[in-house]
Amino acid sequence: MSLYRNSAWFLKGLTEFTKGGFNVASKSFSEKDIEVSVAGRSFMITGANSGIGKSTALAIAKKGGLIHMVCRNKDKAEEARAEIVKESGNKEIYVHILDLSETKKVWEFAEAFKKKYKTLSVLINNAGCMMTKREVNAEGLEKSFAVNSLAMYILIKSLIPLLEKSPDPRVITVTSGGMLVQKLRAGNLQSQRGRYDGTMVYAQNKRQQVVMTEQFAKAHPSIHFSVMHPGWVDTPMIANTMPDFHRSMKERLRTPEQAADTVVWLAVSEAAVTKPSGRFFQDRKVVAAHLPLAWTHSSQLEDQKFMSVMEDIAKSFQPH
């Protein structure tokens, strides 16, 4: 089933997820919320060399934050770093090269980061991928799952001790409204059964991110966890993997800056941490993680079983 056959989701998207939806929502924003200095605080942002990640990095750099850009492509990362330094005047921007589809290397990176740096204030899981056909990484894991779900799990799990050393630690994950049409399916994490539909696999990964955020928030109350939907955004990933949607919706798609607004708000504002941890946000507000009357709810037992499976998979690739 195509994502866009869900009429309730698509109608919601047309009114809320577009540029027009952002313009309506932003009328109620308090700009004082993000008029802050974050000098002395450090931020790790995955996929920080383009799109939402780059816009987030630039906005936080302008506020004095130390930025750790975690990127796959060295040339693109260095080019983006130079632009961020030039535009923000902030030289405390550091590039780390990591391919999130390489599971063992995600562990190795996180463990090495803990040894090198004394604190981390905020982790922003922004990087993602959408596959057009099923592919596996060198370790035999389906790539979309490896990047979108497992890498996020490992980074959070490994970096929690570092985050807990910081005052006001936060973990923010950029998800997708596509998850609203998916129920957690812990029994088919590798998309081995049924026809492979890249958009639906991506949406399932994004539902997994929401569940992980809820469960991590319960287990680690000293850290503020949140997951956010940036809306429908004009990014290279959407243009490349969903060309028809991109072409038909291009004029209505949000800019990366508009999409990054709630990420920045969640990362720097005092207002954000007055909201409960583990919740789903859209345009600076807590919103429902399910459509009305939806069949997408999973039980507490299903959520816990999923986390147990994630732990087992992650541990099997952990360096000893």
Side-chain angles (χ1 to χ4, degrees), residues 16-17 21-48 51-68 88 119-127 152 155-156 159-160 162-177 179 206 209-231 233 254 256-289:
E16 295 181 24
F17 304 163
F22 178 83
N23 291 336
V24 170
S26 63
K27 289 176 183 174
S28 65
F29 292 174
S30 168
E31 286 316 302
K32 286 183 180 176
D33 284 357
I34 58 172
E35 287 173 358
V36 295
S37 168
V38 290
R41 287 174 65 72
S42 57
F43 300 78
M44 179 186 290
I45 307 169
T46 64
I52 298 169
K54 184 181 175 184
S55 293
T56 300
L58 176 59
I60 295 174
K62 285 179 176 178
K63 300 178 191 305
L66 184 155
I67 309 290
H68 294 287
S88 67
T119 61
L120 178 64
S121 307
V122 181
L123 168 62
I124 300 173
N125 296 299
N126 162 72
M152 169 193 162
L155 286 176
I156 292 173
L159 295 172
I160 276 172
L162 201 56
L163 287 158
E164 287 178 333
K165 290 179 185 176
S166 306
D168 188 19
R170 310 182 189 191
V171 174
I172 301 143
T173 299
V174 178
T175 190
S176 163
M179 68 91 199
K206 296 299 176 176
Q209 291 180 342
V210 172
V211 173
M212 280 190 273
T213 297
E214 293 168 349
Q215 296 301 310
F216 274 123
K218 289 177 186 175
H220 302 279
S222 66
I223 301 172
H224 190 272
F225 287 85
S226 58
V227 61
M228 61 78 65
H229 173 35
V233 193
R254 295 184 179 194
E257 291 75 22
Q258 290 171 333
D261 176 83
T262 296
V263 188
V264 176
W265 181 81
L266 285 166
V268 307
S269 76
E270 289 184 14
V273 290
T274 65
K275 310 297 181 186
S277 182
R279 302 299 285 274
F280 178 55
F281 288 80
Q282 179 184 305
D283 293 332
R284 302 193 191 184
K285 287 183 179 176
V286 173
V287 294

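Each residue takes its place number in the sequence, starting with 1.
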Aromatic plane relationship, F22 with F29 - under 30° parallel, 30 to 60° tilted, over 60° perpendicular: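 It falls in the perpendicular class, over 60°.
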Mutual orientation of the aromatic rings belonging to F17 and H229 [parallel < 30°, tilted 30-60°, perpendicular > 60°]: perpendicular
Minimum-distance pair of heavy atoms, taken over all atoms of [X] and [Y]:
| X | Y | answer |
| --- | --- | --- |
| S55 | A260 | CB-CB, 3.8 Å |
| I124 | A267 | CD1-CB, 4.1 Å |
| V287 | F281 | CG2-C, 4.1 Å |
| V122 | L163 | N-CD2, 4.1 Å |
| P256 | I52 | CB-N, 4.1 Å |

For [X] and [Y], indicate whether the former's side chain and the latter's backbone hold a donor-acceptor pair under 3.5 Å.
| X | Y | answer |
| --- | --- | --- |
| S166 | L120 | yes |
| T46 | N126 | yes |
| S42 | L66 | no |

Starting at [atom1] of [X], measure out to [atom2] of [Y] and round the result to the nearest 0.5 Å.
| X | Y | atom1 | atom2 | answer |
| --- | --- | --- | --- | --- |
| M228 | L266 | CE | CG | 7.0 Å |
| Q215 | I156 | CD | CD1 | 12.0 Å |
| N125 | F225 | CG | CZ | 9.5 Å |
| T119 | K165 | OG1 | NZ | 9.0 Å |
| I223 | I160 | CD1 | CD1 | 5.0 Å |

Partner set under side-chain hydrogen bond (donor to acceptor under 3.5 Å, both in side chains) for N23, not counting sequence neighbours: none
Contacts of type side-chain contact (heavy atoms from CB on, under 4.5 Å), residue A271, not counting sequence neighbours: D33, W265, S269
Residue E31 excluded, over 12 heavy atoms near CD under 6.0 Å: yes
Contacts of [X] that satisfy salt bridge (Lys or Arg N to Asp or Glu O under 4.0 Å) - sequence neighbours left out:
| X | result |
| --- | --- |
| K54 | E83 |
| K218 | none |
| D168 | R41, R170 |

All pairs passing side-chain hydrogen bond (donor to acceptor under 3.5 Å, both in side chains) where residues 274-288 contributes a residue, at least two apart: E16-Q282, R254-D283, D261-R284
Any V171 side-chain heavy atom under 4.5 Å of F216 side chain: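 No. Closest side-chain heavy atoms not under 4.5 Å.
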